[in-house]
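Here the structure is laid out as structure tokens; the discussion comes afterwards.
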Protein chains: 2
Amino acid sequence: MAGAVNTVHGTTHLGGGVTAIEQTEARPRGTRLPRRARRHQLLGAAQEVFVAQGYHAAAMDDIAERAGVSKPVLYQHFPGKLDLYLALLDQHCEALLQAVRTALASTTDNKLRVTATMDAYFAYVEAEGGAFRLVFESDLTNEPAVRERVDRVSLQCAEAISEVIAEDTGLPSEQSMLLAVALGGVSQVVARYWLSSESDIPRDTAVQLVTSLAWRGIAGFPLHGADGQGPEAD
Amino acid sequence: MAGAVNTVHGTTHLGGGVTAIEQTEARPRGTRLPRRARRHQLLGAAQEVFVAQGYHAAAMDDIAERAGVSKPVLYQHFPGKLDLYLALLDQHCEALLQAVRTALASTTDNKLRVTATMDAYFAYVEAEGGAFRLVFESDLTNEPAVRERVDRVSLQCAEAISEVIAEDTGLPSEQSMLLAVALGGVSQVVARYWLSSESDIPRDTAVQLVTSLAWRGIAGFPLHGADGQGPEAD
DNA sequence: ATGGCCGTGGAGGTCAAGATCGGCGTGCAG
DNA sequence: CTGCACGCCGATCTTGACCTCCACGGCCAT
């Protein structure tokens with residue numbers, strides 16, 4: 001049976017202090033919880049498993065076992081595997097969008113805006129549980145519901161960035177959207193690379209480095225109404 | 001709705017009148033091909049199905065039907081589904097790496113290098129069959145073999161770019177790698193966005209736009225030994 | 001021309017994983 | 001004290017997809 005897709009892949013760093021046998025915390029089966037708390041705990045367990053193994057390799061048995069319950073309980077809280085995944089996906093898409101919008105609104109200095117946005121991506125990627133994998137590295141993009149969510153959050157982030165660009169450069173919307181997609185793309189890709197090659201560069205240094213790259217790039221466009229320090233094009 | 005083609009025993013092979021050149025439709029079953037041609041055709045059919053449906057949703061039956069053969073012949077050419085996928089993946093990873101290296105070596109003017117590299121990504125993404133999805137949007141990243149290949153090609157592309165950056169800026173390797181990952185990331189993300197939102201901007205315009213963004217960004221770093229037009233850092 | 005050979009084809013086995021049904025234990029109203 | 005309700009669990013079913021077994025028909029040496 002070569003078809004076994006076992007993937008005991010690196011799993012990055014989780015809780016850290018893991019005792020020998022159990023993975024993180026296997027609770028004694030039999031604790032009764034109110035429904036809301038149980039649901040919350042199930043979401044947490046599902047996130048851990050989905051992040052560590054991906055959607056397809058994650059079995060409902062694994063999630064149930066991780067949560068310390070049995071499968072029927074899982075199905076009493078969520079109609080199916082996809083719904084569980086979508087609940088988590090929505091949650092973290094919303095978190096990313098909020099982080100980006102907050103960063104953009106945190107100042108009116110465009111260079112600081114770039115810094116803040118870049119740092120938002122880094123913070124998002126570094127956030128506990130590695131939940132960014134659900135958004136940026138999903139293995140269920142063929143499912144229309146997932147595709148729609150991922151595309152939508154990317155588009156909304158780009159639109160938020162694009163508004164600032166269009167306002168400060170006067171570029172037409174298609175071009176500012178292209179630049180916005182570029183900026184968001186750099187942030188996401190570099191943040192993920194920085195996380196994967198851990199312990200190389202401190203986060204602030206990486207943010208500053210790529211921020212200077214992006215800022216020099218974006219500040220050179222016409223009509224940029226910042227503090228007037230932008231170098232003109234050739 | 002696959003039941004269309006059933007027993008066609010009566011059809012003598014190469015009847016002459018059969019036009020049999022249908023790229024996207026199932027061909028009449030019963031044509032005998034030499035092994036090398038058959039393998040090539042199987043790879044083409046598999047690529048179409050994998051690109052259109054993703055790895056998991058693609059069934060071996062679909063690939064066989066698309067190629068106009070039955071499943072056993074598929075398994076006589078490839079040991080399993082994963083091997084088939086890896087063959088395609090290796091092929092297109094190699095193509096991307098070659099394209100990037102060729103673009104980097106096409107000139108010594110760094111601005112033209114950026115343009116050429118950017119255009120290489122756009123051309124790669126636009127290439128027929130949408131094979132870039134196997135590399136950039138794979139839904140099998142949890143499989144270690146796939147993960148290894150995807151990571152490796154990204155790293156090799158970044159290293160190729162990083163060499164140029166390090167040589168022309170004098171930055172330490174970690175920082176030049178970070179910038180190289182950034183440039184490769186922009187190229188990839190923007191090219192995919194440009195492809196998905198088709199008919200908005202012509203390819204040359206998009207390439208020029210994001211090239212100017214990237215060039216302004218990268219040209220500002222110290223010791224950049226290009227034509228000496230780089231604006232000084234603040 | 002004819003019999004052997006080999007590649008093709010349909011039909012089937014196996015197994016993993018999502019989804020579900022009867023028992024059990026606990027806490028409380030009466 | 002006892003019956004009821006509720007949430008939980010072990011065990012099971014089914015679907016679907018990857019992967020092979022028995023029959024058929026064209027090609028080549030004699």
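Residue numbers start from 1 in every chain, and the chains themselves are labelled A, B, ... in the order their sequence lines are given, proteins ahead of strands.
- Distance alone, capped at 3.5 Å, places no donor-acceptor pair between the A/Trp194 side chain and the A/Phe122 backbone.
- At C/dT20, none of the side-chain N or O atoms of A/Tyr75 fall inside 4.0 Å of OP1 or OP2 (strictly under the cut-off).
- At whole-Å resolution of the value, OH in A/Tyr85 and P in C/dG18 are 14 Å apart.
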Kindly give the atom pairs (protein nitrogen or oxygen, nucleotide nitrogen or oxygen) under 3.5 Å for nucleotides 22-28 of chain C.
{"unit_1": "C/dG25", "atom_1": "N2", "unit_2": "A/Arg32", "atom_2": "NH1", "d": "3.3"}

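- Minimum atom distance to the side chain of A/Lys71 is reached by C/dT20, of the listed C/dT8, C/dT20, D/dC18.
- Atom CD1 of B/Ile63 and atom P of D/dC18 are 8 Å apart (whole Å).
- Here the side chain of A/Met60 is nearest to one of D/dC8, C/dG10, C/dG18, namely C/dG18.
- Here the side chain of B/Ala59 is nearest to one of D/dG7, D/dC18, D/dC9, namely D/dC18.
- In this structure, the CD atom of B/Glu65 is 14 Å from the C1' atom of C/dG9, given to the nearest Å.
- Judged as a side chain to side chain contact (heavy atoms under 4.5 Å, CB included), and not counting sequence neighbours, the contacts of B/Val49 are B/Gln53, B/Ala58, B/Asp62, B/Ile63, B/Arg66.
- Between A/Arg38 and D/dC8, a side-chain N or O to OP1/OP2 separation shorter than 4.0 Å is present.
- Taking atom CG of B/Asp61 as the reference point, atom P of D/dT20 lies 14 Å away to the nearest angstrom.
- Put simply, CG on B/Leu74 is 14 Å from P on C/dG10, counting in whole angstrom units.
- The nearest whole Å value for the distance from the CG atom in B/Leu84 to the P atom in D/dA17 is 16 Å.
- For B/Glu174 (side chain) and A/Ile201 (main-chain N/O), no donor-acceptor pair under 3.5 Å exists by modelled atom type.
- The interatomic distance linking B/Arg36 (CZ) with C/dG7 (C1') rounds to 18 Å, in whole Å.
- One atom, NE2 of B/His56, and another, C1' of C/dA17, lie 14 Å apart when rounded to the nearest Å.
- Of the candidate nucleotides D/dC18, D/dC9, C/dA19, D/dC18 has the atom lying nearest to any side-chain atom of B/Lys81.
- Side-chain N/O atoms of A/Tyr85 and A/Ser138 include a donor and acceptor closer than 3.5 Å.
- Listed for the A/Lys81 side chain is a donor-acceptor partner under 3.5 Å among the backbone atoms of A/Tyr55.
- Proximity of a side-chain donor or acceptor of A/Ser197 to a complementary backbone N or O of A/Tyr193 within less than 3.5 Å is detected.
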Give every donor-acceptor pair under 3.5 Å between a side-chain atom in residues 90-99 of chain B and any protein atom, sequence neighbours left out.
{"unit_1": "B/Asp90", "atom_1": "OD1", "unit_2": "B/Arg149", "atom_2": "NE", "d": "2.8"}
{"unit_1": "B/Asp90", "atom_1": "OD2", "unit_2": "B/Arg149", "atom_2": "NE", "d": "3.4"}
{"unit_1": "B/Asp90", "atom_1": "OD2", "unit_2": "B/Arg149", "atom_2": "NH2", "d": "3.4"}
{"unit_1": "B/His92", "atom_1": "NE2", "unit_2": "B/Gln47", "atom_2": "OE1", "d": "2.9"}
{"unit_1": "B/Glu94", "atom_1": "OE2", "unit_2": "B/Gln98", "atom_2": "NE2", "d": "3.4"}

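- When heavy atoms are screened at a 4.0 angstrom cut-off, A/Ala58 is found touching the sugar-phosphate backbone but no base atom.
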